[in-house]
There are 2 protein chains.
Amino acid sequence: MTSSLVIQPVMEPVIQPVMEPVHRSGALLDQLARRARLRAESELAPLGLRQRHLVALTVLRCSGGSTQQALSSTLMMDGTNIVGLLNELEAEQLIERRRSPQDRRRHVVELTAKGLERLGQAECALAVAENEVFGTLDDAQRETLYTLLLQAVNGEGSRAEALRE
Amino acid sequence: MTSSLVIQPVMEPVIQPVMEPVHRSGALLDQLARRARLRAESELAPLGLRQRHLVALTVLRCSGGSTQQALSSTLMMDGTNIVGLLNELEAEQLIERRRSPQDRRRHVVELTAKGLERLGQAECALAVAENEVFGTLDDAQRETLYTLLLQAVNGEGSRAEALRE
DNA sequence: TAAGTCGTTTGTGTAAGGCAATCCATTTAT
DNA sequence: ATAAATGGATTGCCTTACACAAACGACTTA
């Protein structure tokens, strides 16, 4: 008798198999990245690096050599800017451009020993900064965050590469 | 008799209680944020928004009203630029500046109903973009990523706020 | 009443980065 | 073999996002 106004939810939500998460991570991602970058730049300055360099070096270490086009695509940056970025890194002998034997128009960009070392120094110097930025995450959480970021980053990039090579 | 060269690892690694993770997330974070931003901007353009606006709106919704100083601190952006950003949002009536009753020098910035709605539309429009950017993450992973980002972002910001208020 | 504070406006400077044109070396197609 | 296409480099121009400084009005606090 008391049932006139109340609509019965009888198993109704079960119909939608997966509740699409409403959360958009973009804004958070942007903001956290901003904090990390601002904080990082001050640690990187003594090493003569900026974040953009670090990103490039990281990508290069991870991929173990890459053509400039590939870099342009994974960094999502215009080719001309890649040239400038690489020029800066090459001027400090952190990277090397070698002509590809297969196609001598191409440059294969690789980390030098010095570059690898510098990158290591940078990461070491960044420990402090990241401890502040990720202060509220414990080590396990930081690790899963790292894993997720890595997986997301590699996914996008490799789809384009898969088509190409 | 075959034991001369091999050093026994007998329980040795147990001595260091926690292996500090060598992974630096900064570069990955930066790059993923860049991808997300580039991808997002094209979806946001029809709504007359850019990512900076979205971040501000998101922060405002989350905090439910904030003083401009607080915004300046959580967004880590110069006060004068906050003014400009808010001017743009106010021009579209997405936010409102009210003078604080406690201290009439201060502006309390709040989302309007229209602002809340627009933010919702934006997030809805961003579903496609984020599906691409986070394509390799399943729903559960995206959710934990979101949670981690949220936790990290809130941590940093609230430390400063805790001191202030 | 004086000094400090919040927000606003204006103006200046810098760095990141896109886009287009031009050039060279090389490869591929005809 | 000659023409067309491609990878990269260089130059120049333009936009945007910021930071920073100075000056002002409104307000609060000492």
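Quick note on labels: first sequence line is chain A, next is B, and so on, each numbered from 1. Side chains included, hydrogens not; waters and symmetry mates left out as well; all remaining heavy atoms used.
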Peer 1: Can you work out whether A/Val108 or A/Leu38 has the more 5'-proximal nearest nucleotide on DNA chain D?
Peer 2: A/Val108
Peer 1: What pairs of residues pass the salt bridge (charged side-chain N to carboxylate O under 4.0 Å, His left out) test when at least one of them lies in residues 47-57 of chain B, not counting sequence neighbours?
Peer 2: B/Arg52-B/Glu88
Peer 1: Distance check needed: C/dG7 P versus B/Ile95 CD1, whole Å only.
Peer 2: 12 Å
Peer 1: To the nearest angstrom, how far is A/Leu71 atom CG from D/dG7 atom P?
Peer 2: 14 Å
Peer 1: I'd like to know if the side chain of B/Gln102 pairs up with that of B/Ser100 as donor and acceptor (distance under 3.5 Å, no hydrogens or angles considered).
Peer 2: yes
Peer 1: Would you say that B/Thr74 contacts B/Val153 through its side chain, given a criterion of any heavy-atom pair below 4.5 Å between the two side chains?
Peer 2: no
Peer 1: Do any side-chain nitrogens or oxygens of A/Arg97 fall under 4.0 Å of OP1 or OP2 in D/dA9?
Peer 2: yes
Peer 1: How long is the line joining CE of A/Met76 and C1' of C/dC19, in whole Å?
Peer 2: 18 Å
Peer 1: Measure from the side-chain heavy atoms of A/Val83 and tell me the nearest of D/dA9, D/dA17, C/dG18.
Peer 2: D/dA9
Peer 1: Strictly below 4.0 Å, N to O, side chains only: are B/Arg61 and B/Glu110 in salt-bridge contact?
Peer 2: no
Peer 1: Could you give the CZ-to-P distance, from A/Arg50 to C/dG17, as a whole number of Å?
Peer 2: 10 Å
Peer 1: Among D/dA21, C/dG7, D/dT11, which is the nearest nucleotide to the side chain of B/Gln68?
Peer 2: C/dG7
Peer 1: Ignoring hydrogens, what is the shortest heavy-atom contact between B/Ser72 and B/Asp78? Give both atom names and the distance.
Peer 2: OG-C, 4.2 Å
Peer 1: In whole Å, I'd like the distance from the CG atom of B/Leu49 to the P atom of D/dA17.
Peer 2: 13 Å
Peer 1: How close or far is atom C1' of D/dC27 from atom CZ of B/Arg99, stated in whole angstroms?
Peer 2: 8 Å
Peer 1: Base, sugar-phosphate alone, or nothing: which one does A/Asp103 contact when heavy atoms must sit under 4.0 Å apart?
Peer 2: sugar-phosphate
Peer 1: Report yes or no: is there a donor-acceptor pair, N or O only, under 3.5 Å between the side chain of B/Arg105 and the base of D/dT28?
Peer 2: no
Peer 1: What's the closest nucleotide to the side chain of B/Thr80 if the choices are C/dG17, C/dT9, C/dA15?
Peer 2: C/dT9
Peer 1: Could you verify whether a donor N or O on one side chain and an acceptor N or O on the other, from A/Gln151 and B/Gln141, lie under 3.5 Å apart?
Peer 2: yes
Peer 1: Rounded to whole Å, please give me the gap between CD in B/Gln51 and C1' in D/dC18.
Peer 2: 16 Å
Peer 1: Calculate the interatomic distance between A/His107 atom NE2 and D/dT10 atom P; express it in whole Å.
Peer 2: 10 Å
Peer 1: Hey, does the side chain of A/Asn81 come within less than 4.0 Å of C/dG18's phosphate (OP1/OP2), counting only N and O?
Peer 2: yes
Peer 1: Please pick, from C/dG18, D/dA17, D/dG8, the nucleotide with the shortest atom-to-atom distance to any side-chain atom of A/Thr67.
Peer 2: D/dG8
Peer 1: Side-chain N or O of B/Arg106 versus OP1/OP2 of D/dT28: is the shortest distance under 4.0 Å?
Peer 2: no
Peer 1: Mind checking A/Ser100 for me? I need base, sugar-phosphate or nothing, with any heavy atom below 4.0 Å counting as a touch.
Peer 2: nothing
Peer 1: Below the 4.0 Å mark, does C/dA16 have OP1 or OP2 next to a side-chain nitrogen or oxygen of B/Arg34?
Peer 2: no
Peer 1: Which residue lies toward the 5' end of DNA chain C, B/Asn87 or B/Arg37, if each is placed at its nearest nucleotide?
Peer 2: B/Asn87
Peer 1: Can a side chain N or O of B/Arg104 be found less than 4.0 Å away from OP1 or OP2 on D/dC27?
Peer 2: yes
Peer 1: Side chain of B/Asp78: nearest nucleotide among C/dT9, D/dA19, D/dG7?
Peer 2: D/dA19
